[in-house]
**Q** 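There's a structure below that I have some questions on.
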Amino acid sequence: MTAMTHAFFRPPESSRYALRNLRAPRCLLPAAFDDNDNDDKAGGLAAVDLLVDEGRIAAIEPAGRLPAELGPDLDASMLLPGMVDCHTHLDKGHIWPRQANPTGDGAGASMATQRDRQAHWNAEDVRRRMEFGLATAYAKGVVAIRTHLDSLAPQAAISFPVWREVRERWAGRIALQVSSIAPLDIFLTDEGRELADIVAESGGRLGCVTRSARHPGDPMPPDMDAALARVFTLAAERGLDLDLHVDESTDPRARALIRVARTAIQQDFAGRILCGHCTALALQTDEFIEETLAACKDAGIDIVSLPTVNMYLQDRSPEARTPRWRGVTVLHEMKARGLRVAVAGDNCRDPFYAYGDHDMLDTFTQAVKILHLDHPLSDWIRAATETPAAIMGIAAGVLKAGAAADLLVLKARNYSEMLARTQFDRTVLRAGRAIDTALPDYRLLDDLTAG
Ligand SMILES: [Zn+2]
């Protein structure tokens, strides 16, 4: 079988070259490209020429400024920065062929994953599936990923050392960050303290779900406040940021987000806090939503929505009943309130999501449709580029002179073409050079995942 790349063009071979007549989102360009004209017929895109030198962006100029001999005219092709996926589960990825989710809902996902973890997740299994996910993401033009790692003992002691090796192997290609994920109540035990130490040794974020293993059916377990206080204390003692799975539920009783915010304020927590999912918030009254968002703003909480996974898992019923809601949080209201909001890929071919391909451009495209990020699209592309980079505290996701020339060039000339057609033929530039965008073959995992 021959691997072939479908990238629609290759840049010049020289270390200094231009790509001329591109279209780039104004919101990701320097302020000089801001357009005060409200009737923006170009749909939020600016016509630019790009100069690359020694692997970095040397200049971005209005189109027409750079001489033709420096490089090709790309006929209005879109230019994007490398994309950033700030919430994934690389350790779960691609187990679907050996461990499906029989019910397709969240409870089925948790049970199936636990079964698979206990039976299969040795270091080799976790490493090879993570490598497969990273190779796929890299070929798609993803430059940074934060992954959660299932952390119930004994898994943390297996997965975190693997992750540290993988981080070194991928340094310079994908910036990798890590967060733990475990039931909230383990932080009331020694296991929680030991986990916080493993996370600290790994330079990670302390993370958990806002559910308690001792009260599995209760979205607001009685030990929640005590356990949350302990999570914040363990993080503060070690100087760790937090990354929490919050209220991932269709149950309107799930109101943990405001408790997280109030705990942060009470403890005057100095670290960053990223809260993922928060879907049950969309089921609250307008007054309670406003109260919660005000508390999140005070606490400096960032939000990530995982729209493909939420829509897959939520409002699913065994009786062939059609789902009635989309399962996503109030992302527009959060952004309007001044919170930093991102979208991310979450799970990939595992019991929490049977599909996915580690492709943040596809995640953004689906987010536009699921969350109505369109009409106008405004600056929502930041939610898949600049904002998750800022949340992760890394330099990525913007188009400016001096930045690494880690870029996507699309055949699409505008958002309409980009959002309508799968961008399988994108050119991915890393440090100014086109990389092979052929994807790893699923057959590479057959010996691990045959059921
Ligand atoms: Zn997640």
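Here the structure is a predicted model, which is why all the values come from computation and not from measurement. Read the numbers this way: they start at 1 and go in the same order the structure lists the ligands and their atoms.
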**Q** Scan side-chain atoms only and decide if T189 and E191 contain a donor-acceptor pair under the 3.5 Å cut-off.
**A**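 Checked: T189/E191 side chains show no N/O donor-acceptor pair below 3.5 Å.
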
**Q** Quick check: closest heavy atoms across V143 and A396, and the distance to 0.1 Å?
**A** CG2-CB, 4.1 Å

**Q** Between E290 and R337, does any side-chain N to carboxylate O distance fall below 4.0 Å?
**A** yes

**Q** Can you tell me how the ring of H277 sits relative to the ring of H245, calling it parallel under 30°, perpendicular over 60° and tilted otherwise?
**A**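 Because their plane-to-plane angle lies in the 30° to 60° range, the rings of H277 and H245 count as tilted.
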
**Q** When you measure from the centre of the six-membered ring of F132, is the NZ or CZ of R349 closer than 6.0 Å and no more than 45° off the axis?
**A**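 That pair does not qualify as a cation-pi contact.
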
**Q** With 2.8 Å as the threshold, which protein atoms of type N, O or S lie near the Zn ion (ligand 1)? Leave waters out.
**A**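 Metal shell, protein only: H87 NE2, H89 NE2, H245 NE2, D346 OD1.
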
**Q** Return the orientation label for the H89 and F352 ring planes: parallel under 30°, perpendicular over 60°, tilted otherwise.
**A**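 It falls in the parallel class, under 30°.
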
